[in-house]
Protein chains: 2
Amino acid sequence: MPDPPIVRIDLGSGAPAYAQIVAQIRALLVSGALEPGTRLPTVRQLAVDLGVHHNTVALAYRTLAEEGWLELRRGRGAVVVAREGPRASARAQAEFSQHLEGLLAKAAADGLSSKAIAREFRALGRKLWKGKTS
Amino acid sequence: MPDPPIVRIDLGSGAPAYAQIVAQIRALLVSGALEPGTRLPTVRQLAVDLGVHHNTVALAYRTLAEEGWLELRRGRGAVVVAREGPRASARAQAEFSQHLEGLLAKAAADGLSSKAIAREFRALGRKLWKGKTS
DNA sequence: GACTATTGTACATAGACATTGTACAAATAA
DNA sequence: TTATTTGTACAATGTCTATGTACAATAGTC
């Protein structure tokens, strides 16, 4: 049977489709599930899998390429490349804090307990930093 | 001297102004910094403080009112009301997990260490659940 | 009670953003 | 060379954001 798509987006979730694709693939890259050398599905293939236009996938790939995760070439496809991450900027730190506070407050407002939230945080930490310490 | 505005938004941060206002006031509500009975600034007053149109603030207030945090009435203003939070839905849980994973991956990609991320998480937890256990 | 000021709301407009349709350019395969 | 595959460019369309302006409801003043 065909492989399942590497990402699964939720149209009608409010978030733009291309942003969902970026976020999910970035998570796979950070966790190491996608290693340098790996070839991603073509923009058309993934577009069909997700039910969106191939230009939408292309925009997502381009965003990741600008972050240094991918190399894109016509006729070849999208390949994961080795990447030296930037050093944490004050700007990045501040944005993270801002967004995290908003997200936690939203979760609490939606009825999630602080315990459930902490549990999810730990679970995702294990998923994203499998073994790594930094 | 005049009170500082209760929120501070960052135009040109990508995030819509009204969403930033919603997120920040929601955080104040969740933490208990804004208690039932408290009167918020008028839409026009806050709009001037933030440098946006009053309809933008009005949209933010309406969003919070629909979540049950505020009561809005013409001529009177916006008042914080007691609110029974909903029970956590599977949908809310899934959305939180999704968004948190994206946010953590983005932070890691921007160079933040897992330690710095965990530290920020704990700090915000203390801020939002001052004493409360649930 | 009449009048004015205050405050949230409704709605049309302008601009930015997201997605798509279509055509093109570069690399590969036959 | 020729056909196919794959990413890219660009215009068109629809939706979302922010604003300008006018209106409706409440409070305050005399």
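All chains are named by letter (A, B, ...) in the order of the sequence lines, taking the proteins before the strands, and each is independently numbered beginning at 1.
Going from atom CG of B:Leu50 over to atom P of D:dT19 covers 11 Å, rounded to whole Å. One can place CG of B:Asp10 at 17 Å from P of D:dT17, the figure rounded to the nearest angstrom. To the nearest angstrom, C1' of C:dT19 lies 16 Å from CZ of A:Arg44. Here C:dA29 presents its P atom at 10 Å from CZ of A:Arg76, a figure rounded to the nearest Å. Taking atom CG on B:Leu11 and atom P on D:dT19, their separation rounds to 8 Å, with Å as the unit. Separating the CG atom of A:Leu70 from the P atom of D:dT6 is a distance of 16 Å, rounded to the nearest angstrom. A straight line from CZ of B:Arg73 to C1' of C:dG8 spans 12 Å, rounded to a whole angstrom. Look at CG on A:Leu72: it is 15 Å from C1' on D:dA9, rounded to the nearest Å.
Contact between the side-chain N/O atoms of A:Arg62 and the OP1/OP2 oxygens of D:dG7 is not found at any separation under 4.0 Å. Remark: B:Thr56 is in phosphate contact with D:dT19, judged by side-chain N or O atoms under 4.0 Å from OP1 or OP2.
Of the candidates D:dA18, C:dT20, C:dA10, C:dT20 carries the atom nearest the A:Val52 side chain, counting heavy atoms from C-beta on. For A:His53, whose side chain is taken as the heavy atoms from C-beta onward, the closest listed nucleotide among C:dT9, C:dT20, C:dG8 is C:dT20. You'll find that the side chain of B:Ala17 is closest to D:dA18, out of D:dA18, D:dG7, D:dG20.
Toward the 5′ end of DNA chain C lies the nearest nucleotide of A:His54, the other residue of the pair A:Arg74 and A:His54 mapping further downstream.
Side-chain contact annotation: A:Glu120 with B:Gln93, donor-acceptor N/O pair under 3.5 Å present.
In this structure, the side chain of A:Gln20 engages the main chain of A:Asp10 through a donor-acceptor pair within 3.5 Å. One N or O on the side chain of B:Arg39 and one on the backbone of B:Arg76 form a donor-acceptor pair closer than 3.5 Å.
Using a 4.0 Å heavy-atom cutoff across all strands shown, A:Tyr18 reaches sugar-phosphate atoms only and no base atom. Backbone-only contact: A:Ala78 has heavy atoms under 4.0 Å from sugar-phosphate atoms and none from a base.
The cluster map of Ile, Leu, Val, Met, Phe, Trp and Tyr, joined by side-chain heavy atoms under 4.5 Å apart, puts A:Val81 and A:Val43 in different clusters.
By the 6.0 Å contact criterion, CZ on B:Arg8 is open, its count of non-hydrogen atoms from other residues, nucleotides or ligands being 12 or less.
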